[in-house]
Amino acid sequence: MDFRSRHVLSIADFTRAEILHILSKTREIETSPRIDMLAGKVMATLFFEPSTRTRLSFEAAMQKLGGRVIGFSDAGSTSTKKGESLADTLRMVEQYADVIVMRHPRDGAARLASEVSRVPIVNGGDGANQHPSQTFLDLYTIAKLFPELTDGSRTLTIAFAGDLRYGRTVHSLLSALCHFRVRLLTVAPRGLEMPQQYLDEAAAAKVEVEVVPSLQDAIDGCDVLYMTRLQEERFPDPLEFDHIKASYRISASMLQAARPQMRILHPLPRVNEIARDVDATTHAHYFAQAGNGIPVRQALIGLILGAL
Amino acid sequence: MAETPSGAQKIRQVEAIANGTVIDHIPSPMTLKVATLLAGPDDQVFMGMNLRSSLLGRKGVVKISGRELTERSVSSLALIAPTASISIIRDYTVVSKNPVPVPSRFEDIARCANPNCVTNHERWSTRFDVVAGKNPLRVRCFYCERSFDAADLTLI
């Protein structure tokens with residue numbers, strides 16, 4: 001399977017076999033890293049909007065494999081502010097780098113970039129649309145915890161909780177999970193439910209989606225709980241936000257009836273939706289999940305630069 | 001009423017034209033949009049809306065005198081009225097009648113309805129892929145990956 005020079009834009013561009021190949025290469029690189037694998041290669045990180053976590057994780061991934069990094073993390077310091085088009089910025093940067101990681105506030109910016117650039121583009125988040133490296137790290141985390149995901153020996157139950165309407169990570173993860181033997185539970189405040197487009201996608205893939213009445217029902221009935229943050233700006237009424245926030249908060253006391261192997265994931269940053277007392281339980285797995293971002297991004301970069 | 005060839009005895013709901021194009025089976029609410037889209041500023045246009053239709057319940061008909069459609073107009077028509085049929089009229093005779101061909105992809109025909117789509121902020125072409133159709137026709141923006149009812153898009 002050849003990924004050389006391939007853009008990584010959207011999880012929808014990857015087949016089940018390709019996803020499995022990426023997960024297997026991630027496992028390989030995590031267990032036996034090759035520190036000079038990308039020596040002499042340059043990665044440009046173009047962050048038109050800030051994202052400390054994603055940028056640092058890509059940069060660490062590249063540097064741990066011997067590659068170098070150039071880039072910016074604030075569009076205010078670039079020619080974009082002077083009115084330069086995105087296409088022109090890319091035509092300039094592609095001269096300097098072997099791979100470009102881009103975060104941009106507009107939906108579809110990464111796809112546009114891929115039509116301009118002669119070097120591969122890795123989408124580090126385009127507006128509310130896609131963030132494929134996050135999805136690969138979510139899948140890798142689930143597959144490491146539950147090998148059933150990839151061997152198909154059991155139907156895994158995965159619950160999504162919180163803002164399922166605007167949370168782009170849940171949309172991409174849902175699409176990716178449609179390739180596997182899973183059952184999905186969802187729980188979201190009114191108005192922030194999973195968009196129909198994704199429910200249709202699950203239905204087409206014959207993946208059962210059940211809306212459960214409360215966060216407690218999701219906790220008690222799943223193998224993996226994927227928690228997301230509620231954003232205050234989505235609620236016109238601050239009182240309503242306070243009320244709903246309280247019913248979308250996990251605390252250690254709510255984990256009594258959870259399956260012993262149940263794990264909680266979260267794309268981070270968390271605010272109040274997971275109480276600090278959950279961190280010390282065996283169910284907390286969100287920090288380990290973030291750690292998986294390094295090998296996943298190493299595998300993606302290694303594959304598209306033809307080094308893996 | 002203009003003189004019609006023999007046999008056309010039934011009462012017409014919309015004026016006949018001697019030469020030009022008849023667009024039939026338009027979803028009724030789209031009729032005005034179709035007329036505006038296809039007719040030039042000096043064209044004679046005849047229109048019917050909310051006409052009874054066994055296919056659509058209610059339909060619109062637009063007749064444009066002295067004009068045949070360009071390829072681009074046909075693509076635009078396919079996006080906003082995918083159920084329509086196009087008849088070419090010459091000397092009061094229907095010389096061809098075909099359903100509007102709905103392509104699998106629309107390029108530079110409409111703007112994306114997602115205000116945050118990159119195509120609404122950079123000078124770039126738009127592209128929509130058909131995901132389901134025809135009634136309603138659902139399309140998906142190639143860039144922002146959002147799906148829309150084609151009828152909700154604004155033509156360029």
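Numbers restart at 1 for each chain; the letters A, B, ... are given by sequence-line order, proteins then strands. All heavy atoms count here, side chains included; hydrogens, waters and symmetry mates do not.
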- [ ] Look at atom CD of B:Q44 and say whether more than 12 heavy atoms of other residues, nucleotides or ligands are closer to it than 6.0 Å.
- [x] no
Task: Interchain contact, A:P105 with chain B, by part (heavy-atom threshold 4.5 Å) - done: backbone
What donor-acceptor contacts under 3.5 Å connect chain B and chain A, backbone and side chains included?
residue, atom, partner, partner atom, Å
B:N114, ND2, A:D107, OD2, 2.7
B:N116, O, A:D107, N, 3.0
B:N116, OD1, A:R106, NH1, 2.8
B:N116, ND2, A:P105, O, 3.0
B:N116, ND2, A:D107, OD1, 3.1
B:V118, N, A:D107, O, 2.7
B:H121, ND1, A:R106, NE, 3.4
B:H121, ND1, A:R106, NH2, 3.3
B:H121, NE2, A:R106, NH1, 3.4
B:E122, OE1, A:L86, N, 2.8
B:W124, NE1, A:E115, OE1, 2.9
B:Y143, OH, A:E115, OE1, 2.5
B:Y143, OH, A:E115, OE2, 3.2
B:E145, O, A:Q197, NE2, 3.1
B:E145, OE1, A:S10, OG, 3.1
B:E145, OE1, A:Q130, NE2, 3.3
B:E145, OE2, A:S10, OG, 3.0

- [ ] Let me know if A:A12 has heavy atoms under 4.5 Å from chain B in its side chain, its backbone, both or neither.
- [x] side chain
